Amino acid sequence: MNQPLSAVTFPDDGCELRIIDQTRLPGALVELALTTLPEMVDAIQSLRVRGAPALGVAGAVGLAVLAERAAIEGPATFDADMATAATALRSARPTAVNLAWAVDRVLAAGQVGGASPTVRATAMRTEASTILNDDIAMCARIGVSGATLLRSGMTVLTHCNAGALATAGIGTALAPIYTLHARGETIRVYANETRPLLQGARLTAWELDRAGVPVTLITDGMAASVMRSGVIDAVLVGADRIAANGDVANKIGTYGVAVLARHHGIPFYVLAPRSTLDPHTPHGDGMEIEMREASEVRAMGGVATAPGHVTVHNPAFDVTPAALVTAIVTDSGVFHPPYHFTA
Ligand code: MRU
């Protein structure tokens with residue numbers, strides 16, 4: 001039996017942010033210990049740590065680690081160091097709201113009037129640990145709530161990776177699957193490979209297979225015919241940001257999967273912790289969608305798959321309109337349309 005995965009951890013001494021390097025999967029399961037701001041920003045931007053909840057936890061723990069170090073330097077530079085670090089971490093990736101949300105929480109926890117940097121860093125460390133532990137608990141609750149929408153024997157389709165590797169716990173979209181699997185129920189998963197970076201193939205298929213959950217990997221273009229064949233009972237996806245009206249930003253390709261699900265009469269469920277809700281953004285048009293390097297589309301594994309000069313369009317996420325979402329599952333329960341998320 002494999003150990004549960006811990007995508008982001010915070011050792012008790014508070015001196016480092018530990019992550020599984022997801023760029024090495026599925027070939028190697030390697031942990032990295034990050035101690036400096038450039039290392040943390042690079043790990044986030046290069047997707048060594050990724051997935052909205054995991055990004056939030058990494059940002060929180062990262063800032064707490066930097067606070068411990070800044071406290072040693074003394075009060076003269078503490079505020080400036082924390083402001084610089086928070087800005088860099090918060091903006092390392094723009095779409096997943098969890099990252100800014102968690103960094104701001106840890107920064108605010110350090111605003112202890114008149115206290116020494118050491119005391120302030122301790123408060124920040126406590127807040128980061130709370131965010132990490134809350135994420136684990138939220139995933140578990142999403143699993144229990146999401147499982148009420150499924151039955152033993154069902155087959156679900158998922159896109160990208162919203163499993164343990166995308167969180168500190170058992171995942172979001174994959175949480176109900178792990179919950180039912182742990183109860184001895186049979187749930188089968190079709191995983192879209194998720195071009196261009198193959199999170200579905202490299203991460204979802206890997207972690208489900210490792211956990212003993214039956215998984216079938218398909219290329220993204222196969223989803224339509226698989227749905228038409230009648231084999232898929234439900235679609236489960238995660239989210240990087242959910243607007244007040246229920247519009248959902250998630251990995252590029254999710255919108256197409258939602259359209260296909262509607263066409264085939266298959267329920268389309270979005271699962272995410274409350275930290276992914278963005279009630280201050282009224283609808284999806286106001287969400288910043290990260291644009292990534294053309295090289296991610298022109299090549300795979302370092303091998304050219306297109307002319308080197310061809311123009312590329314590479315948004316990392318798309319927005320699925322709330323009208324296509326059958327229900328949104330958070331750690332507070334199952335929400336049905338119309339959605340009105342408030343602060
Ligand atoms: O670019 P990534 O890998 O950070 O994308 C995030 C995702 O994996 C998702 O879009 C996911 O479905 C939501 S996060 C649980």
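Residues take their numbers from the sequence shown, with the count starting at 1. In each ligand, atom 1 is the first atom listed, and ligand 1 is the first ligand listed. Just so it is clear, the model here is predicted, and its values are computed rather than measured.
- Side chain of H264 to main chain of S229: no donor-acceptor pair is present (N/O by atom type, distance under 3.5 Å, no hydrogens or angles).
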(message) Let's go through R50 and Q22 carefully: what are the C-alpha distance in whole Å and the side-chain angles of both, what is the deciding distance for side chain to side chain donor-acceptor pair (under 3.5 Å) to 0.1 Å, and is it a yes or a no?
(response) CA-CA 8 Å; R50 33 65 54 202; Q22 301 195 30; 3.2 Å; yes

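- K251 places a side-chain N or O within donor-acceptor distance of the main-chain N or O of A316, the cut-off being under 3.5 Å.
- Side-chain contact, R241 with T276: no donor N or O sits under 3.5 Å from an acceptor N or O.
- Near ligand 1, residues R50, G51, A52, P53, R93, C160, N161, A162, A166, T172, Q199, G238, A239, D240, N250, K251, F317 come within 4.0 angstrom through at least one heavy atom.
- A 4.5 Å side-chain heavy-atom check between I232 and V156 finds every atom pair outside the cut-off.
- Checked against salt bridge (charged side-chain N to carboxylate O under 4.0 Å, His left out), R292 has the following partners two or more places apart in sequence or in another chain: E290, E296.
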